[in-house]
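For reference, the structure discussed in these notes is given below.
Quantities reported herein were computed from a predicted structural model and do not represent experimental measurements.
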Amino acid sequence: MRCPECHTTMQNGFIPTGGGMFWFRKDQPLGSVEFATDVPGTFTWMRRAKLEAYRCPRCSLITFRYGKQVQTPESFEHR
């Protein structure tokens, strides 16, 4: 996959999400009833969710699709 900003080849990996991830709108007023929205596929009960991700070493951009988890080798499970 190529970086959408600088077109460098991105590194494939994953982002571990322990207790899930939440989305906050930038324009949301403080004290709003709508506080945060959970990001689907980032919370699991027994194992840590791992979202497939791509990282650009040149521009420090990470991109991922939520809800898509990856399977990792056993050696990564205990890190």
(request) With sequence neighbours left out, write down each residue that passes side-chain contact (heavy atoms from CB on, under 4.5 Å) with I15, or none if nothing qualifies. (result) T17, A53, I62, F64

(message) Applying side-chain contact (heavy atoms from CB on, under 4.5 Å), can you list everything that pairs with T9, at least two apart in sequence or on another chain?
(response) R2

(request) Output the distance between atom OG1 (T42) and atom OH (Y66), rounded to the nearest 0.5 Å. (result) 10.5 Å

(message) Testing the basics here: between T8 and C56, what is the closest heavy-atom pair and its distance to 0.1 Å?
(response) CB-SG, 4.1 Å

(request) Could I get the full list of side-chain hydrogen bond (donor to acceptor under 3.5 Å, both in side chains) partners for E5, not counting sequence neighbours? (result) none

(message) Clusters formed by hydrophobic residues whose side-chain heavy atoms approach within less than 4.5 Å: which one holds M1, and what are its other members?
(response) M10, Y54

(message) Side chains of L61 and R55, heavy atoms from C-beta outward: is any pair under 4.5 Å?
(response) no

